[in-house]
Amino acid sequence: MKDNIYIYIFTAAIVSYLIRVLPLTLIRKPIKNKFIKSFLYYVPYVTLAVMTFPAIIQSTQSPWAGLIALVVGIVISYFGAGLFPVACVCCAVVFASEFFLPC
């Protein structure tokens, strides 16, 4: 088991390095394909959503409180509220939901 840890670290380092270096070496010309450009444009947003969504649900005492705050946050941000007001309202919704909902 102890000998395998070096193999794991080496494999992780190579994979991380290849992910960062291969696009730089393989793609020399500007990307003109609209599908690939739109795909690359949305990758950071999707990655952030995938990392954030489970934390929203699991960071509260009750998953229902996190889900209610998520829905409220989506609704008020849809109507034009900024990041700070959305965060404040979602915190208040979680507080109220955990206070009134049974555990």
Side-chain angles (χ1 to χ4, degrees):
M1 179 73 177
K2 192 173 185 180
D3 296 333
N4 290 341
I5 194 151
Y6 297 113
I7 294 171
Y8 299 148
I9 292 172
F10 179 73
T11 304
I14 293 298
V15 168
S16 298
Y17 180 76
L18 288 177
I19 289 172
R20 287 167 175 81
V21 169
L22 280 180
L24 294 174
T25 58
L26 297 179
I27 302 172
R28 304 259 176 178
K29 300 177 186 175
I31 299 171
K32 295 180 181 178
N33 187 334
K34 286 184 180 182
F35 177 76
I36 294 175
K37 285 176 81 170
S38 67
F39 175 79
L40 292 175
Y41 178 79
Y42 287 110
V43 165
Y45 300 110
V46 170
T47 305
L48 182 63
V50 166
M51 292 187 308
T52 305
F53 181 74
I56 291 170
I57 303 299
Q58 296 173 357
S59 64
T60 58
Q61 288 181 349
S62 169
W64 288 107
L67 192 62
I68 293 168
L70 175 66
V71 170
V72 169
I74 289 171
V75 168
I76 64 173
S77 64
Y78 178 77
F79 288 112
L83 180 63
F84 187 71
V86 169
C88 291
V89 169
C90 287
C91 289
V93 167
V94 167
F95 180 75
S97 297
E98 289 183 349
F99 187 73
F100 292 113
L101 289 176
C103 294

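Quick caveat: nothing in here was measured; it's all calculated off a predicted structure.
Looking at residues two or more places apart in sequence or on another chain, you find a side chain to side chain contact (heavy atoms under 4.5 Å, CB included) between I31 and I27, I36, K37, L40. Under the side chain to side chain contact (heavy atoms under 4.5 Å, CB included) criterion, T52 pairs with L48, I56, not counting sequence neighbours.
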Side-chain donor-acceptor contacts of residues 66-77 below 3.5 Å, not counting sequence neighbours, with atom names and distances?
unit_1: S77; atom_1: OG; unit_2: G73; atom_2: O; d: 2.9
unit_1: S77; atom_1: OG; unit_2: I74; atom_2: O; d: 3.0

Below 3.5 Å, can you tabulate the donor-acceptor pairs from side chains in residues 11-26 to any protein atom, sequence neighbours excluded?
unit_1: T11; atom_1: OG1; unit_2: I7; atom_2: O; d: 2.7
unit_1: S16; atom_1: OG; unit_2: A12; atom_2: O; d: 2.9
unit_1: R20; atom_1: NH1; unit_2: S16; atom_2: O; d: 3.1
unit_1: T25; atom_1: OG1; unit_2: V21; atom_2: O; d: 3.3
unit_1: T25; atom_1: OG1; unit_2: L22; atom_2: O; d: 3.1

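Using a 4.5 Å heavy-atom cutoff, the side chains of C90 and V94 are not in contact.
Closest approach of E98 and Q61 over heavy atoms only: OE2-N, 2.7 Å.
Annotation: ring pair (Phe, Tyr, Trp, His ring centres under 6.0 Å) contacts involving residues 63-85, sequence neighbours excluded, are absent.
Taking Ile, Leu, Val, Met, Phe, Trp and Tyr as members and joining any whose side-chain heavy atoms lie under 4.5 Å apart, directly or through other members, F95 forms no hydrophobic cluster with any other residue.
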